[in-house]
*Asks:* 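What follows is a single structure, and I will ask about it in a moment.
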Amino acid sequence: MSNFEIVAREDFSDVTYLLEVRHPLMAKAARPGQFVIVMSHPHGERIPLTIADFDRAKGTITLVIQAVGKTTKEMQQSCVVGSSLYGVTGPMGIPSHIGKVKKVACVGGGLGVAPIFPHARAFKDNGAYVIGIVGFRTKELMFWEDKFRACCDQFIVCTDDGSAGIKGNVTAGIKKALRDHPDIDEFVAIGPPIMMKGCAEATRAHKIKTMVSLNPLMVDGTGMCGGCRVKIGGEVKFACVDGPDFDGHQVDFDDLMTRLRRFTEQERTAVERWSENCRMTNPLQTLKTRIPATTEEAEFPDPFDEVRGG
Amino acid sequence: MAKKKTIRTIPQERTPMREQPAAERVKNFTEVACGYSPDDALREAERCLLCPEQPCVAGCPVGIDIPGFIRKLGQKDFRGAYDVLTDTNLLPAICGRVCPQENQCEGVCIVGETLEPVAIGRLERWVGDQAIAEGWASIPYIEPAPYRIGIVGSGPAGVACAADMAKAGCDVTVYEAFHLPGGVLRYGIPDFRLPNEVIDAEIGRLEKLGVKFECNTLVGRLFTIEQMVDELGFHAVFVGTGAGYPTMLGIPGDSLNGVLSANELLTRCNLMRAKEFPDYDTPLPLGQRVAVVGAGNTAMDAMRVCKRLGAEKVYCIYRRSRTEAPARAEEVHHAEEEGIEFHWLTAPAAILDDGKGGVRGMRCIRMELGEPDASGRRRPVPVPGSEHDFETDLVVFAIGTNANPIMGQTSTLRLNKRGYIETDAELATSVAGVYAGGDIVTGAATVIEAMGAGRKAARSMKAYLGIRDSDQPYVIDGRGSGNRMFGIDPQERNFARIRIA
């Protein structure tokens, strides 16, 4: 299989963009919680990206990408409608278990907002009362509000600067949901590790099942390299084939965050070299104002270009 | 006819193969062993006695007609030699390079009882390389058969099976999860041992036979084995997904950032070309003092790769002694020449962290050999009080692999306790029409054994589909269906007498 055509693109901000890729077989097979490995060109790296949506009728899958590393910045420039990706493999990972629960909260932070959407929709289709909790830095970065509102019984927006919804991160939203609904059966959280950790901590005292989708570094995504190993309740698991969903209360998030910094130096080199070689020609750069990085990002220089959803 | 050769008349010394000098080659990824010249090949072919016993044929997992190809080679009929080879082995250039010949054909060579055995592997490689250089391809007349065959995995087992089924006239599609075909040949074996051009050439030859390769396809998740049979219209399926799930040691510190599996190191370096970072985008962990745990072929590859990437010191940590090391003799020898420091009878106890998530050193314990264990090798026993630390900043585990779990997770194929696919003697799985072979059935083994399994499965698939197989002539032996009534063996004698009222 080759030539994975990009049939649609949408830019949510100057760093976040959506690609809709034609892959009818994948659209048929994909389930919430699964991811793909993308290679943009033959010299590229393999980057894992969570499937943010799939349309079986159109035969497409949707990826939402944040341009933070060399590969994702390069893709931001090169991936235009009509062009093709060199490789798209998947759907990888064990699909999330969408159980028959009465009330569920789907939490998405930052780029995790996109991949949490299939969960919200699947739980809704299963007859659950769905509470959507999403967090952004600021109102301008928000996307897919309409899609969420269509499948959530309650929708809570949190922004760091308070420009929309509750002021604060998703933990504030989780607290509100817990106050409003003492009977939530399950939480599902996708986002940067620090956010998933916060979510797991917030629900731990309430003893509510909390599933998180982990985003370690990967090469193959088929259980072959062991680069994505994570510690779950003291046991070593491979996120690509044993996950990516795990019980958030069992995950060693500090280990995950340390392991995400494995190639920080090489990633910096790659980005620097790339920006020197080709000055950004993206017109979006001038259209939208650059949104300053939060302290969260500065504190955790995660190699996002290899990070799914984070 | 020429005078019969005897052990006295043949060249006494095994013809040496030119190699890049160790000091030179540790700076590049070009092939270490340069191969024979035509004269070298002819001289070495002369050393084969063409003995009637042919122990080498029995010693070969796929039963190559070794004296047959060497005879043709000796007669300077190089194309003929190639045709004899490819009757049984489609990838001579690869097997000549990576087979552990000392345990197979060369290990039982009659010449080897008195002198050094005939360098069968080097001759095989020479013929294979000759074919690539000349663009030979043995494409026989193929009688089309109305069957579609799906092969899962493009490693040695998959391609061997694909080739046989294509020759039987079937429409063969090979699925590969990576973006390039070749499996372990591509991601696992470094360029200096098996150049990518050789893999490309051999894959290209399969394409000439009509085999289609579909990369970027994760069977199991994109579609299941059952769907291949039910929905995608495959009449038979072969599963050769390998045993690539790396084992970690489970000692303190093994999740540190400077610790990785040999699979990861080799995949980054070989398949993703991380050694050419940043021209290629995949980064590579670099170490100044690298400790590789294990002493198999993968461990040797990992050590030699690290040396070439510029590591000052590369240590091999192995809990048994050199005699028990599972690597090919030639690989250990090459590694020693390249300045790898071997620490035999040493087992890692803990990996020490540098306080920043990386590796500062490794704590080891000395071992001594005790009684033989189940594998027949002497069991290593720790020497009390022998713990010692040494400095290292990168630790690579090359201590074996387990079954890949994806097939088990996504299909109804029956697995054994260790997660490998269960098959009968004919390599049929628990699902009708689905066959399996290679590492995913046996656990980690060699390239040629996997190819042997692929060919064996192809024979079974032909029998299943009712394709005539000239390698398996029909014999009336009392068990053939010719002697059966309605397919029931008369010896069963279980026909009940029916009384008609």
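Only a predicted model underlies this, so the values are computations on that prediction, with no experimental measurement involved. Naming convention: chains lettered A, B, ... in sequence-line order (proteins, then strands); numbering from 1 in each chain.
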*Asks:* Which bit of A/Ile37 is near chain B, if near means a heavy-atom gap under 4.5 Å: side chain, backbone, both or neither?
*Replies:*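 Looking at A/Ile37, nothing touches chain B.
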*Asks:* Taking side chain as everything from C-beta outward and backbone as N, CA, C, O, which of these in A/Val88 sits under 4.5 Å from a heavy atom of chain B? Side chain, backbone, both or neither.
*Replies:*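 Contact with chain B involves the backbone of A/Val88 alone.
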*Asks:* With only heavy atoms counted, which part of A/Lys28 is less than 4.5 Å from chain B, the side chain, the backbone, both or neither?
*Replies:*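 For A/Lys28, neither part sits under 4.5 Å from chain B.
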*Asks:* Would you mind telling me which of A/Gly87, A/Pro42, A/Pro91, A/Ala270 has the largest number of heavy-atom pairs within less than 4.5 Å of chain B?
*Replies:*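 The residue among A/Gly87, A/Pro42, A/Pro91, A/Ala270 with the greatest pair count is A/Pro91.
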*Asks:* Donor-acceptor pair, B/Gln409 side chain versus A/Val241 backbone, under 3.5 Å?
*Replies:*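 Between the backbone of A/Val241 and the side chain of B/Gln409 there is a qualifying donor-acceptor contact (under 3.5 Å).
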*Asks:* For the residue pair B/His179 and A/Arg46, establish whether any side-chain heavy-atom pair is separated by less than 4.5 Å.
*Replies:*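 A side-chain contact under 4.5 Å exists here.
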*Asks:* Quick check: closest heavy atoms across B/Ala177 and A/Thr222, and the distance to 0.1 Å?
*Replies:*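 Looks like CB-CG2, 4.1 Å.
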*Asks:* Supply the atom-to-atom distance B/Asp281 CG to A/Gln266 CD, rounded to the nearest 0.5 angstrom.
*Replies:*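 It is 12.5 Å, given to the nearest 0.5 Å.
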*Asks:* Which heavy-atom pair separates A/Arg229 from B/Asp254 by the least distance, and what is that distance?
*Replies:*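 Taking A/Arg229 first and B/Asp254 second, the nearest heavy atoms are NH2-O, 2.8 Å.
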*Asks:* Which pair of heavy atoms, one from A/Gly223 and one from B/Pro246, lies closest together, and at what distance?
*Replies:*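 Distance-wise, the nearest heavy atoms are O-CD, 3.7 Å.
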*Asks:* Search all heavy atoms of B/Ser255 against all heavy atoms of A/Arg259 and return the closest pair with its distance.
*Replies:*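 Looking at all heavy atoms of both residues, the shortest contact is O-NH1, 2.9 Å.
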*Asks:* Shorter than 4.5 Å, heavy atoms on both sides: which option in B/Asn216, B/Leu180, B/Val259 has the most such pairs with chain A?
*Replies:*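 With the most close heavy-atom pairs to chain A, the winner is B/Asn216.
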*Asks:* Calculate, to the nearest 0.5 Å, the distance between atoms CG and CZ belonging to B/Leu256 and A/Arg262 respectively.
*Replies:*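 It comes to 11.0 Å.
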*Asks:* Name the region of A/Met39, side chain, backbone, both or neither, that has any atom closer than 4.5 Å to a heavy atom of chain B.
*Replies:*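 Interface part for A/Met39: side chain.
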*Asks:* Check B/Leu284 against A/Phe263 and note the closest heavy-atom contact, atom names and distance.
*Replies:*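 Shortest heavy-atom separation between B/Leu284 and A/Phe263 comes out as C-CE2, 3.7 Å.
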*Asks:* Under a 4.5 Å heavy-atom cutoff, which of B/Leu286, B/Asn404, B/Asn257 has the most pairs with chain A?
*Replies:*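 Among B/Leu286, B/Asn404, B/Asn257, the one with the most close pairs to chain A is B/Asn257.
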*Asks:* Once you round to the nearest 0.5 Å, how far does CG of B/Leu222 lie from CE of A/Met92?
*Replies:*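 Going from CG on B/Leu222 over to CE on A/Met92, the span is 10.0 Å.
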*Asks:* About how many Å separate OG1 of A/Thr258 and CG of B/Asp353, when rounded to the nearest 0.5 Å?
*Replies:*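 Those atoms lie 10.0 Å apart.
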*Asks:* Using a cut-off of under 4.5 Å on heavy-atom pairs, state which of A/Gly226, A/Gly44, A/Ala29 scores highest against chain B.
*Replies:*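 Among A/Gly226, A/Gly44, A/Ala29, the one with the most close pairs to chain B is A/Gly44.
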*Asks:* Non-hydrogen atoms of chain B under 4.5 Å away: do they reach the side chain of A/Phe4, the backbone, both or neither?
*Replies:*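 For A/Phe4, the contact with chain B is made by the side chain alone.
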*Asks:* Heavy-atom distances under 4.5 Å only: say whether A/Asp220 touches chain B with side chain, backbone, both or neither.
*Replies:*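 Contact with chain B involves both backbone and side-chain atoms of A/Asp220.
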*Asks:* May I ask you to decide whether B/Asp279 forms a salt bridge with A/Arg273, counting only side-chain N to carboxylate O separations under 4.0 Å?
*Replies:*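 Yes, charged N to carboxylate O under 4.0 Å.
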*Asks:* Closest heavy-atom contact between B/Glu264 and A/Cys225?
*Replies:*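 Heavy-atom minimum between the residues: CB-O, 3.4 Å.
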*Asks:* Do A/Asp242 and B/Tyr245 have side chains that approach each other closer than 4.5 Å (heavy atoms only, starting at C-beta)?
*Replies:*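 Yes, side chains in contact.
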*Asks:* Do B/Lys356 and A/Glu265 sit within salt-bridge range, that is, some charged N less than 4.0 Å from a carboxylate O?
*Replies:*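 Salt bridge flag = no for A/Glu265 with B/Lys356.
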*Asks:* Any side-chain heavy atom of B/Thr217 sitting closer than 4.5 Å to one from A/Met26?
*Replies:*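 No. Closest side-chain heavy atoms not under 4.5 Å.
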*Asks:* Using a 3.5 Å distance criterion without hydrogens, assess whether the side chain of B/Asn263 forms a donor-acceptor pair with backbone atoms of A/Met224.
*Replies:*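 Checked: pair present.
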